[in-house]
Participant: 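Encoded as C-alpha cells, here's the structure I'll be asking about.
Chain identifiers are assigned alphabetically (A, B, ...) following the order of the sequence lines, protein sequences preceding nucleic acid strands; residue numbering begins at 1 within each chain.
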2 protein chains.
Amino acid sequence: MHSGRVASRSAEPRDPRESRNGGGPHLDAVSLAIIEQLQEDGRRPYAAIGKAVGLSEAAVRQRVQKLLDQGVMQIVAVTDPLTVGFRRQAMVGVHVEGDVEAVADALGAMDECEYVVMTAGSFDLMVEIVCEDDDHLLEVINRRIRAVPGVRSTESFVYLKLKKQTYMWGTR
Amino acid sequence: MHSGRVASRSAEPRDPRESRNGGGPHLDAVSLAIIEQLQEDGRRPYAAIGKAVGLSEAAVRQRVQKLLDQGVMQIVAVTDPLTVGFRRQAMVGVHVEGDVEAVADALGAMDECEYVVMTAGSFDLMVEIVCEDDDHLLEVINRRIRAVPGVRSTESFVYLKLKKQTYMWGTR
DNA sequence: TTGACTGTTGCGGATTTCGCAGAGTCGGGC
DNA sequence: GCCCGACTCTGCGAAATCCGCAACAGTCAA
C-alpha cells in the first residue's frame with residue numbers, strides 16, 4: 001500500500017466560488033496529480049488514476065466529482081474549430097472607457113465570444129471570437145461588440161492558422 | 001426509428017468549403033452531434049451518446065475512437081491556470097520578419113507556450129504564455145521569445161483576470 | 001478525553017466498456 | 001451486370017468500470 005500518502009493539508013477552506021479566479025485556494029499535490037492524469041486522457045478510469053496517484057478508486061472518484069462541482073476543472077472534448085465548421089476566428093483587442101469589468105461581462109454574454117480576459121497593456125480586454133463565416137464575423141465585431149457601452153475602439157486579428165493548442169497546465 | 005439514420009454519407013452532398021480546413025477529415029452531422037455531446041460532458045457513456053444521436057453504443061465508440069486517433073478532438077480536463085498554480089499569463093503579439101510559420105513552430109516548441117496562432121492584422125503571431133511567476137514570465141518574453149530568429153518585436157498583454165473560458169464550439 | 005467533521009477504504013450490484021463476428025452499403029474493376 | 005474490397009453499423013457475451021453505501025481513520029476544537 002502507498003499509505004504513506006497522508007493528505008496532511010486536506011482541510012481546504014471551502015469556497016466554491018473563489019476557485020473561479022482571484023486568489024484561488026490551493027489544491028494539494030494529490031488533486032493536482034489527478035488533474036494531470038485527466039489532462040492526458042479525460043476518460044482514464046478512476047482505478048488507473050488511483051494507481052498513479054496512490055489513492056483508492058473510490059477516493060479518486062469523489063475528488064474528481066468535487067473538483068467538477070467546484071468548477072475547478074471540467075472534462076470536455078476540445079476541437080480545432082476550423083474542423084468543426086467555424087471558419088472564421090479572431091482575437092479582438094478592446095479599448096474601454098469606464099468600467100472594464102462591466103464591458104467584459106457584456107462581451108462574455110455573447111455566444112460567439114469564446115474567451116474574455118482583462119489585460120494590462122495597450123488593450124484593456126482581449127476577446128476571442130468564433131464565427132461561421134466572414135459575414136458573421138463582421139457583424140459580431142462591427143455591430144455587436146462596438147455597440148457595447150464603454151467600448152471605445154477595437155482592433156481585430158483574424159486567425160489565419162492555428163499552430164498550437166494544448167491543455168497541459170500543470171503537467172510540466 | 002433510429003435506423004433511418006443509416007447511410008448518412010450518401011445523402012450528404014460534399015461541401016466544397018470543407019476541403020479548405022487544412023486537408024482535415026470531413027465530419028458528417030452525426031460525428032458533429034457526438035462531439036457536441038462530449039463537449040457537454042467528456043465522460044458521458046457511449047450508450048447515452050448513442051441514444052442522443054441515433055446510433056448504437058458500439059458505433060459511437062468506434063467513431064469516437066476514430067475522431068481521437070485522427071486528432072479531430074481530444075477529451076481532456078481543462079482548468080483555470082490560476083487555480084492550478086500558474087499565476088502569470090500573458091498574450092504576446094509578435095511581429096515577424098521572414099518565415100512566419102517557422103517562427104510559429106519555434107515558439108510552439110516552448111513548454112510555457114500554450115497557444116500559437118498566425119493572424120492577419122498588426123501582429124503576425126499571437127501566442128499565449130502560461131508561467132508560474134513574474135520572473136518566469138519575464139524570462140520567457142524577454143529572453144526566450146525575442147531570441148527566436150525572425151522575431152522582430154513583441155508586445156505583451158499580461159492577464160489581470162480571466163472572465164470567460166468555454167469549450168462549447170458547435171453547441172449553440 | 002469527547003464529539004463533530006472530513007476524507008479514505010472496501011465491497012457488492014448495476015452499468016459500461018471492450019473485442020469480435022456478421023450483415024448491409026457503396027464504389028471500382030472486369 | 002457481377003464480383004470484390006473497403007467501410008460502417010449492429011448485436012452480444014465477457015471483462016472491467018462505475019456508483020452508492022457503511023464503516024474506519026485522522027484532524028481540530030472544546
Participant: Measure from CD on Q65(A) to C1' on dT8(C) and round the result to the nearest Å.
Facilitator: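 Those two atoms, CD and C1', are 17 Å apart.
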Participant: Answer with yes or no whether the side chains of Y46(A) and Q37(A) bring together a donor and an acceptor at under 3.5 Å.
Facilitator: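 No.
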Participant: Quick check for you: among dT10(D), dT17(D), dT8(C), whose closest atom lies nearest to any side-chain atom of P45(A)?
Facilitator: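 Among dT10(D), dT17(D), dT8(C), the one nearest the side chain of P45(A) is dT17(D).
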Participant: Consider only side-chain N and O atoms of D69(A) and Q65(A), and report whether a donor and an acceptor are under 3.5 Å apart.
Facilitator: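 Per modelled atom types, D69(A) and Q65(A) side chains form a pair under 3.5 Å.
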Participant: Looking only at side-chain atoms of A58(A), point me to the closest of dG7(C), dT10(D), dT9(C).
Facilitator: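 So the nucleotide nearest the side chain must be dT9(C).
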Participant: Between K163(A) (side chain only) and A104(B) (backbone N and O only), is there a donor and an acceptor less than 3.5 Å apart?
Facilitator: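 No; judged by distance alone, with no hydrogens or angles, the pair does not exist.
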Participant: What's the OH-C1' distance between Y46(B) and dA16(D), to the nearest Å?
Facilitator: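 In whole Å, dA16(D) C1' lies 14 Å from Y46(B) OH.
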Participant: Check whether any side-chain nitrogen or oxygen of K66(A) sits under 4.0 Å from OP1 or OP2 of dG7(C), and answer yes or no.
Facilitator: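 Yes.
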Participant: Expressed as a whole number of angstroms, how long is the span from D28(B):CG to dT8(D):P?
Facilitator: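 Computing the D28(B):CG to dT8(D):P distance gives 10 Å.
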Participant: Could you walk me through whether E139(B) and R144(B) pass the salt bridge (charged side-chain N to carboxylate O under 4.0 Å, His left out) check?
Facilitator: CA-CA 7 Å; E139(B) 187 225 327; R144(B) 313 262 299 278; 3.7 Å; yes
Participant: Which nucleotide wins on minimum distance to the side chain of R63(B), given the candidates dC9(D), dT17(C), dC19(D)?
Facilitator: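 Looking only at heavy atoms from C-beta outward on R63(B), the closest nucleotide is dC9(D).
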Participant: Given dT17(C), dC9(D), dC18(D), identify the nucleotide with an atom nearest to the side chain of Q62(B).
Facilitator: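 Closest nucleotide among those given: dC9(D).
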Participant: Specify the separation, in whole Å, of atom CG of L55(B) and atom C1' of dG24(C).
Facilitator: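 Checked: the CG to C1' distance equals 14 Å.
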Participant: Would you say a side-chain N or O of R43(B) is under 4.0 Å from OP1 or OP2 of dC18(D)?
Facilitator: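 Indeed, a polar side-chain atom of R43(B) lies that close.
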Participant: Rounded off to whole Å, could you give me the CD-to-P distance for the E57(B) and dC12(D) pair?
Facilitator: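 In whole Å, dC12(D) P lies 13 Å from E57(B) CD.
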Participant: Return the value, rounded to whole Å, for the distance between atom CD1 of I49(B) and atom P of dT16(C).
Facilitator: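 Distance, rounded to whole Å: 11 Å.
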Participant: When you measure from the side chain of S56(B), which nucleotide among dT10(D), dC19(D), dG7(C) comes out closest?
Facilitator: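 So the nucleotide nearest the side chain must be dT10(D).
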Participant: To the nearest 0.5 Å, what is the distance between SG on C131(B) and CZ on R87(B)?
Facilitator: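 Separation between the atoms: 13.5 Å.
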Participant: Could you give the NZ-to-C1' distance, from K51(B) to dT16(C), as a whole number of Å?
Facilitator: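 These atoms are roughly 12 Å apart.
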Participant: Taking the side chain of R61(A) as heavy atoms from C-beta outward, which of dT9(C), dG7(C), dC18(D) is closest to it?
Facilitator: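 Out of dT9(C), dG7(C), dC18(D), the nucleotide with an atom closest to R61(A)'s side chain is dC18(D).
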